[in-house]
Amino acid sequence: MRRAHEARLYALTTATACALALLAGVVGAPTRAVMQNLVFDQYQRWKPRPYAFDQPVRIVAIDDESLKRLGQWPWPRERLAALVETLKGAGAAAVVFDFLFSEKDRADATAPADNTPDAAFARAMDDAPVVLGSFVSELPNGASGSVKAGFVAAGDDPTKFLTPWPGLLTPVLELAQHADGVGFLNWRPDADRVVRRVPLILNVNGALHPSLAMEALRVAQGATTYVIKSSNASGETAFGEVYGVLAIRNGDLTIPTDPSGDVRVYFARPDPRRSIPAWKALTPGADLSDLRGSIVFVGASAALLSDIVATPLSPSMPGVEAHAQIVEQLLSGQTLRRPDWAPSGEWMATALICAALVATTWMLAPYLAGLAFAAVVGAIVAVSWFAFSRHGVLIEPTYPAFSAAAVYFTGVSTLYAVKRHQEREIRSAFGRFVSPAVVARLAEKPGALELGGLQRELTLLFCDIRSFTTISEGFNASELTHFLNEYLTPMTDAILDRMGTVDKYMGDAIVAFWNAPLDDRDHAGHAVESALAMRQTLVALNEGWRTHAEADGRPFKPVRFGIGLNSGECCVGNLGSLRRFDYSAIGDEVNVASRLEGACKIFEVDIIGSETTRSEAPHFAWLEIDSVLLKNKTRPVGLYALAGDHALAASDEFADLTRLHAAMLAAYRNRDFAAAVAMAKEAAARAPAAVRGLYSYNLRRFAQLAETAQDPDWRPLIALDEK
């Protein structure tokens with residue numbers, strides 16, 4: 001029942017954690033997006049896109065040195081015209097300006113109409129592959145711009161998948177007419193202002209506009225048309241569903257996109273070989289051979305011009321370099337893709353992982369469950385990193401990992417709470433009866449608390465004070481309570497310190513057993529050691545009581561006890577009702593131990609053990625009493641008096657006593673009672689004080705047997721009529 005209750009509680013808490021984790025995967029998209037960005041940014045920092053110098057993309061940078069040599073920005077358009085002529089002469093495949101020339105040159109107002117700076121710039125572009133920049137705006141102006149390329153849609157109309165923009169800032173008409181391409185310069189950073197995705201096409205007032213990078217690629221290839229492949233295009237199985245842009249064909253390149261026409265940029269680290277300063281490009285005779293056949297971006301890298309963007313690799317990358325890197329990525333085909341199946345796949349994987357962790361945390365040992373959790377998290381991260389590093393596929397590890405952690409720690413916390421509750425139950429059930437060390441070990445095996453009993457071999461101890469009624473008559477209630485506490489506390493310690501379990505207290509009597517609830521291979525030996533320790537404890541207590549009595553001027557009578565030890569199979573466990581039970585032992589062997597404690601009065605010794613206890617703990621100093629038929633028993637039991645510990649048993653004096661004792665018993669059993677009496681007298685003189693009374697009993701018994709004639713069927717057996 002307890003295990004079933006624990007299972008229900010565990011299932012409830014972990015199922016709740018799983019449900020919340022899966023719900024978070026549905027409603028927590030903004031938070032997940034933030035976590036995704038952090039992880040994927042870190043992946044890029046660990047493994048940025050490698051820069052290949054042989055890629056035909058270069059930058060002519062308007063850097064601080066160029067401004068120092070050639071003057072502050074904006075430069076006269078004649079200088080830009082000279083730059084176009086220079087780059088055209090160097091064989092550039094495309095000259096791409098990362099600037100918005102939306103206003104005429106200031107010198108145009110005073111120059112002849114056919115010889116203005118803008119006219120010079122325009123003439124330079126006539127036979128050069130030049131791309132200029134435009135800028136989409138949220139401010140409506142009704143402009144649709146000068147689109148230099150055509151668009152062909154395959155599948156659904158792409159404009160409905162693209163965010164509409166109401167305004168467009170274009171280059172001055174004179175320049176736009178002479179350029180081969182015009183592309184928008186806009187970035188679309190995330191909420192943290194970091195550029196991770198860039199749009200390749202935008203919808204401006206219902207018309208499609210390409211980005212600067214797309215126009216650079218188109219002009220360099222000499223292409224005239226973009227082919228936009230959307231859902232429900234020929235060859236695409238969408239079953240009539242509308243879900244977005246799939247890819248854009250630009251000349252010979254087919255570029256996969258997300259549904260909104262964006263690509264995720266895979267940035268490379270800055271490399272000085274990628275750019276040359278503008279002042280150098282404008283220096284007559286400069287070596288510009290690296291620019292032949294290249295797409296050359298012209299843009300600002302000077303800090304004062306503030307054309308910078310934040311990327312996963314750098315908080316301040318020049319915008320012109322970011323444009324160039326986009327073209328590099330599109331040419332290399334090294335894309336970063338977040339597949340459309342990724343969110344649902346991650347959600348389903350999370351559900352399976354959580355279910356697996358719920359099962360393993362319940363079934364496995366804590367350290368194995370911890371290893372399983374660590375392995376699961378490691379596998380999640382490994383799969384995500386492998387997908388990124390080998391295939392450029394973005395699989396989010398944070399949601400499955402955090403969900404797994406939430407479910408695992410919920411399960412562990414529940415099991416810990418259950419364990420603490422079990423420990424409290426165990427302490428409540430056993431704290432008074434066994435030592436703290438045993439309680440701690442029991443906490444690891446809570447099944448021992450199941451209501452019911454188990455058959456197992458025990459060694460039992462019964463201890464009772466002799467003439468306790470007479471002793472108690474000399475105390476009032478308070479004094480009697482103090483006396484019992486003073487007596488029972490060290491006696492209990494002697495039991496608990498040797499792996500014993502206190503079954504119960506019955507007034508002054510103590511009932512204890514060994515080998516339950518925890519296994520104890522040497523249970524008989526530990527019980528005997530406890531009995532000997534209790535004997536020594538009583539000696540010390542009597543000395544203290546004697547001192548107090550003498551100080552109070554009252555007579556003192558030493559306290560004596562009897563201890564019975566017996567070993568055998570008993571029923572042990574939590575016995576009682578569902579509402580109240582005690583851990584106890586029952587069975588015939590328990591009754592035998594009780595009878596042996598009572599027999600101590602008859603045989604005038606303080607500790608008696610049965611033959612089974614003596615056989616399981618033979619290395620102590622035992623002296624055989626006789627075969628005894630206990631009251632209400634049909635079979636005799638061999639009884640032994642405990643003289644002392646291992647050291648006494650190994651002494652020469654005890655060996656001599658043992659031989660004399662054996663001879664005495666042999667004479668008694670052979671009906672030579674006179675010889676038995678003589679040997680009993682000699683043994684009494686040699687015996688330790690603890691067993692000297694046994695010989696007093698034997699002298700009386702042997703003398704009585706010698707004085708009376710015995711029947712022919714007499715056998716050496718003592719029948720006890722008292723309990």
Side-chain angles (χ1 to χ4, degrees), residues 51 57-77 79-80 83-84 87 92 94-103 105-106 121 130-138 167-172 175-176 179 181-190 192-200 202 209-216 265 267-282 294-329:
Y51 172 65
V57 182
R58 295 292 183 269
I59 299 172
V60 172
I62 301 176
D63 57 3
D64 292 324
E65 183 64 22
S66 297
L67 295 179
K68 181 179 179 181
R69 293 188 180 212
L70 302 177
Q72 294 302 311
W73 189 264
W75 286 346
R77 301 281 165 85
R79 183 172 296 154
L80 297 180
L83 182 58
V84 169
L87 297 178
V95 178
V96 186
F97 282 91
D98 180 24
F99 294 107
L100 175 61
F101 301 113
S102 60
E103 297 179 354
D105 190 288
R106 288 173 293 179
F121 191 18
V130 174
V131 178
L132 300 180
S134 61
F135 195 87
V136 296
S137 171
E138 294 181 352
L168 178 68
L169 296 176
T170 61
V172 295
L175 299 180
V182 177
F184 60 81
L185 303 170
N186 297 66
W187 302 107
R188 196 152 63 186
D190 292 328
D192 57 0
R193 310 308 301 167
V194 176
V195 172
R196 299 180 179 91
R197 303 165 189 82
V198 295
L200 299 185
L202 288 178
H209 282 257
S211 69
L212 188 71
M214 290 293 279
E215 282 289 80
V265 186
F267 287 100
R269 295 200 183 280
D271 191 308
R273 297 176 297 171
R274 184 182 278 122
S275 63
I276 63 171
W279 68 264
K280 184 177 180 180
L282 289 170
S294 297
I295 299 173
V296 180
F297 282 85
V298 180
S301 64
L304 292 176
L305 298 184
S306 300
D307 181 20
I308 58 174
V309 295
T311 72
L313 298 187
S314 171
S316 56
M317 177 180 287
V320 65
E321 181 174 350
H323 284 297
Q325 289 211 28
I326 295 170
V327 174
E328 289 175 357
Q329 175 182 332

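Counting all heavy atoms, side chain and backbone alike, T170 lies closest to S134 at CA-CB, 4.3 Å. Heavy atoms only, all atoms of each residue included: A303 and D64 are closest at N-OD1, 3.5 Å. The two atoms that bring H209 and L168 nearest to each other are CE1-CD2, 3.4 Å, heavy atoms only. Nearest heavy-atom pair across F184 and S211 is CE2-N, 3.4 Å.
With hydrogens and angles ignored, the 3.5 Å screen pairs a side-chain donor or acceptor of D271 with a backbone N or O of R273. Counting only distance, with no hydrogens or angles, the side chain of D98 and the backbone of G299 share no donor-acceptor pair below 3.5 Å. Distance alone, capped at 3.5 Å, places no donor-acceptor pair between the S275 side chain and the A61 backbone. Of the possible polar contacts, one joining the E215 side chain to the V182 backbone as a donor-acceptor pair under 3.5 Å is found.
Applying the side-chain contact (heavy atoms from CB on, under 4.5 Å) test between F97 and each of L185, L80, V131 identifies L80 as the sole match.
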Open item on the list: Under the criterion side chain to side chain contact (heavy atoms under 4.5 Å, CB included), I'd like the reasoning laid out for H323 against V96: C-alpha separation, chi angles, the key distance, then a yes or no.
Closed with: CA-CA 10 Å; H323 284 297; V96 186; over 6 Å; no
- [ ] Please test V320 against V298 for side chain to side chain contact (heavy atoms under 4.5 Å, CB included), starting from the C-alpha separation and ending with a verdict.
- [x] CA-CA 7 Å; V320 65; V298 180; over 6 Å; no
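Note that the OG atom of S102 and the CG atom of L175 stand 10.5 Å from one another [nearest 0.5 Å]. Annotation: the span from E328 atom CD to R58 atom CZ amounts to 8.0 Å, rounded to 0.5 Å. We find the CD-CG distance between Q72 and L304 to be 6.5 Å, quoted to the nearest 0.5 Å. Taking CG of L305 as the start and CG of L67 as the end, the distance is 5.5 Å to the nearest 0.5 Å. Taking CG from D63 and OG from S301, the interatomic distance works out to 4.5 Å, rounded to the nearest 0.5 Å. Rounding to the nearest 0.5 angstrom, the gap separating the CZ atom in R188 from the CZ atom in R196 is 14.0 Å.
Note on residues 308-326: pairs passing salt bridge (Lys or Arg N to Asp or Glu O under 4.0 Å), not counting sequence neighbours, are R274-E321.
No close placement of the W75 and F99 rings is indicated, their centers lying 6.0 Å or farther apart. Outside the 6.0 Å centre-distance limit, the rings of F267 and Y51 are not counted as a close aromatic pair.
In this structure, D190 and R197 have side chains that are in contact, with non-hydrogen atoms separated by less than 4.5 Å. When side chains are defined from C-beta on, I62 counts as touching W73, because their heavy atoms get closer than 4.5 Å. A heavy-atom distance below 4.5 Å is found between the side chains of I276 and V60. Side-chain atoms of W187 and V198, non-hydrogen and from C-beta on, do get closer than 4.5 Å to each other. When side chains are defined from C-beta on, R106 does not count as touching P76, because their heavy atoms never get closer than 4.5 Å. A heavy-atom distance below 4.5 Å is found between the side chains of L169 and L100.
In the displayed structure, R193 atom CZ is contacted under 6.0 Å by at most 12 heavy atoms of other residues, nucleotides or ligands. More than 12 heavy atoms of other shown residues, nucleotides or ligands fall within 6.0 angstrom of atom CD in E65.
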For a quick test of your reading: what N or O donor-acceptor pairs under 3.5 Å do the side chains of residues 307-316 make, sequence neighbours left out?
from : atom 1 : to   : atom 2 : distance (Å)
T311 : OG1    : L313 : N      : 3.2
T311 : OG1    : S314 : N      : 3.0
T311 : OG1    : S314 : O      : 3.3
S314 : OG     : S316 : N      : 3.1

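F101 and F121 have perpendicular rings, their planes meeting at more than 60° on a 0 to 90° scale where under 30° would count as parallel.
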